Student: 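Would you mind keeping the following structure in view while I ask a few things?
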Amino acid sequence: MATQFPGLLLNSAGLTLAGGRSLSCRNNQPPAAISSANPPSLSSTIQVVGWKGAGGSGSQNSKLFNSFEDIQEEYEWNDLETDLYHWTKTLRPVQWYPGHIAKTEKELKEQLKLMDVVIEIRDARIPMSTSHPQMDSWLGNRKRILVLNREDMISTADRNAWATYYANQGIKVVFSNGQLGMGALKLGRLAKALAGTVNIKRKAKGLLPRPVRAGVVGYPNVGKSSLVNRLLKRRMCAAAPRPGVTRELKWVRFGKDLELLDSPGIIPMRISDQTAAIKLAICDDIGERSYDAADVAAILVQMLSRLPTVGNKALCDRYKIEADGRCGKIFVQKLAVQLFNADNNQAAFRILQDFRKGKFGWIALERPPK
């Protein structure tokens, strides 16, 4: 008896993905079932030989398919982070700390004392890498709303994984799209609700009510100003798709009940986690001068080749260049020779821009830690 699923082939040695990639099984034991989160519609199939449920009920097949997904996801994401750590060790460190950030950080710490609630914006593609290591100590017990912006740039599976992760930690999270305004109204209501006790306390002291004060903070280019503009339904804060546009703190009023503080992006003076730094560069959340585009594009190629929803085939189909995923630098050089007169930088920027524009599909580069 056998059951088939599109895009995969399972045998006693492990899992073979469509396109020839293979995943070995942990402890040399073949998994009972394995699948891609978004299985490609290809002619190759998965065979589970000797499974008595083949031809069984739809629910049985669904459970088997889901268990495949869980095993593959665990394999891919755990090992990808390990690989990324080793890939970045030989590269020039990525560091970026423009002069205005030091001034902003000092002023922001003072303003945070006046906040009723803090809205921390992160990039939904890399929520961990866009988390400032000192943010918790700055905020203390102050109420916080976590916003994962650019939800339109990740898959449903990515969104669900992060939603579950933060829900289990008791953290209030809002998914948003600052360009289209999705999640903006929900964010405004949540900010007012969290800080609703402010005026109750003021009334008890005989003071007049005042608007709730909310500070909007986060890394550069994660969409802080765009989200504020969407909340206000007008362009009050300068916004552009590159880091470092906002350079000073700015208070704006949202109706009669809410005041927002838009702030420039803040980033550590020294980024010790270079795997996070590379992801910031890939997602355009750090200044271009801080990194070598050819190195970053090479790392991106190696990451994409390992992701189950992309793989070598997607790279080959887009650029008409054979990709084995082992050396992204060679891939960048081949693309440079083919399209850009051997200019590696232009080839690198093409790959980076293709990822940022979703040419490989909308995918996150991080999943929640186990």
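Keep in mind that this is a model prediction, so the values were computed, not measured.
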Student: Going by heavy atoms in the side chains, are Q302 and D83 under 4.5 Å from each other?
Tutor: no
Student: Can you tell me if NZ on K329 sees more than 12 non-hydrogen neighbours from other groups inside 6.0 Å?
Tutor: no
Student: In this structure, would V198 and I145 fall into the same cluster of hydrophobic residues linked by side-chain contacts under 4.5 Å?
Tutor: no
Student: Indicate yes or no: at least one non-hydrogen side-chain atom of Y219 is less than 4.5 angstrom from one of P268.
Tutor: yes
Student: Using the ring of each side chain (for Trp, its six-membered ring), is W162 parallel, tilted or perpendicular to Y165, with breaks at 30° and 60°?
Tutor: perpendicular
Student: Where do A348 and V332 come nearest, in terms of heavy atoms and distance?
Tutor: N-CG1, 4.2 Å
Student: Mind checking whether H132 and W138 have parallel, tilted or perpendicular rings, split at 30° and 60°?
Tutor: tilted
Student: Does any part of the side chain of L112, heavy atoms only, come nearer than 4.5 Å to the side chain of L108, both counted from C-beta?
Tutor: yes
Student: According to a hydrophobic-cluster definition based on side-chain heavy atoms being under 4.5 Å apart (Ile, Leu, Val, Met, Phe, Trp, Tyr only), do L315 and I299 belong together?
Tutor: yes
Student: Is there side-chain contact between N149 and V222, with heavy atoms separated by less than 4.5 Å?
Tutor: no
Student: Between R159, R122, R125, K186, which is the residue that forms a salt bridge (Lys or Arg N to Asp or Glu O under 4.0 Å) with E151?
Tutor: R159
Student: In sequence, state the C-alpha distance, the side-chain angles, and the governing distance for M303 and W87, and then conclude on side-chain contact (heavy atoms from CB on, under 4.5 Å).
Tutor: CA-CA 10 Å; M303 292 180 72; W87 295 337; 3.8 Å; yes
Student: Do V217 and W251 belong to the same hydrophobic cluster, where Ile, Leu, Val, Met, Phe, Trp and Tyr are linked whenever their side-chain heavy atoms lie under 4.5 Å apart, directly or via other members?
Tutor: yes
Student: Identify whether L304 and W362 are in the same connected component of the hydrophobic contact network (ILVMFWY, side-chain heavy atoms under 4.5 Å).
Tutor: no
Student: Please indicate whether N168 has more than 12 foreign heavy atoms, meaning atoms of other residues, nucleotides or ligands, lying under 6.0 Å from its CG.
Tutor: yes
Student: Is the backbone N or O of L208 less than 3.5 Å from a side-chain atom of R202, with the two atoms forming a donor-acceptor pair by type?
Tutor: yes
Student: Going by an N to O cut-off under 4.0 Å, is there a salt bridge joining D292 and R92?
Tutor: no
Student: Inspect the surroundings of NZ in K109 and state if more than 12 heavy atoms from other residues, nucleotides or ligands are less than 6.0 Å away.
Tutor: yes
Student: Is there a salt bridge (Lys or Arg N to Asp or Glu O under 4.0 Å) between R150 and D285? Walk through the geometry before answering.
Tutor: CA-CA 12 Å; R150 302 190 178 122; D285 292 335; 3.4 Å; yes
Student: side-chain contact (heavy atoms from CB on, under 4.5 Å) between V117 and R142: does it pass, once the steps are laid out?
Tutor: CA-CA 6 Å; V117 61; R142 197 163 279 101; over 6 Å; no
Student: Check D116 with R213, please: is the shortest side-chain N to carboxylate O separation under 4.0 Å?
Tutor: no
Student: Between the side chains of K224 and D262, is the shortest nitrogen-to-carboxylate-oxygen separation below 4.0 Å, so that they form an ion pair?
Tutor: no
Student: Backbone N or O of M128 within a donor-acceptor pair of the S131 side chain at under 3.5 Å?
Tutor: no
Student: Does any non-hydrogen side-chain atom of C283 lie less than 4.5 Å from one of R356?
Tutor: no
Student: Might you work through the side-chain contact (heavy atoms from CB on, under 4.5 Å) test for M115 and L261, ending with a clear yes or no?
Tutor: CA-CA 9 Å; M115 301 295 147; L261 177 66; 3.4 Å; yes
Student: Can you confirm whether D136 sits close enough to R144 that some side-chain heavy atom of one is under 4.5 Å from a side-chain heavy atom of the other?
Tutor: yes
Student: So, the side chain of D158 versus the backbone of I154: is there a donor-acceptor pair under 3.5 Å, distance only?
Tutor: no
Student: Is the backbone N or O of V310 less than 3.5 Å from a side-chain atom of K313, with the two atoms forming a donor-acceptor pair by type?
Tutor: no
Student: How about CD on Q169, more than 12 heavy atoms from neighbouring residues, nucleotides or ligands closer than 6.0 Å, or not?
Tutor: yes
Student: Using only atom types and a distance under 3.5 Å, with no angle test, would you say the side chain of Q338 pairs donor to acceptor with the backbone of Y319?
Tutor: yes
Student: In the structure I gave you, are the side-chain heavy atoms of Q95 and Q274 within less than 4.5 Å of one another anywhere?
Tutor: yes
Student: Report yes if some heavy atom in the side chain of I121 is under 4.5 Å from a heavy atom in the side chain of L146; otherwise report no.
Tutor: no
Student: Do D79 and T82 get their side chains close enough for a donor-acceptor pair, meaning under 3.5 Å?
Tutor: no
Student: Inspect the contact between K103 and E105 and indicate whether a charged nitrogen and a carboxylate oxygen are less than 4.0 angstrom apart.
Tutor: no
Student: Might you confirm whether atom CD1 of I330 has over 12 heavy atoms from other residues, nucleotides or ligands at distances under 6.0 Å?
Tutor: no
Student: Take D123 and I126 through the side-chain contact (heavy atoms from CB on, under 4.5 Å) test and state the conclusion after the steps.
Tutor: CA-CA 5 Å; D123 190 324; I126 49 171; 3.9 Å; yes
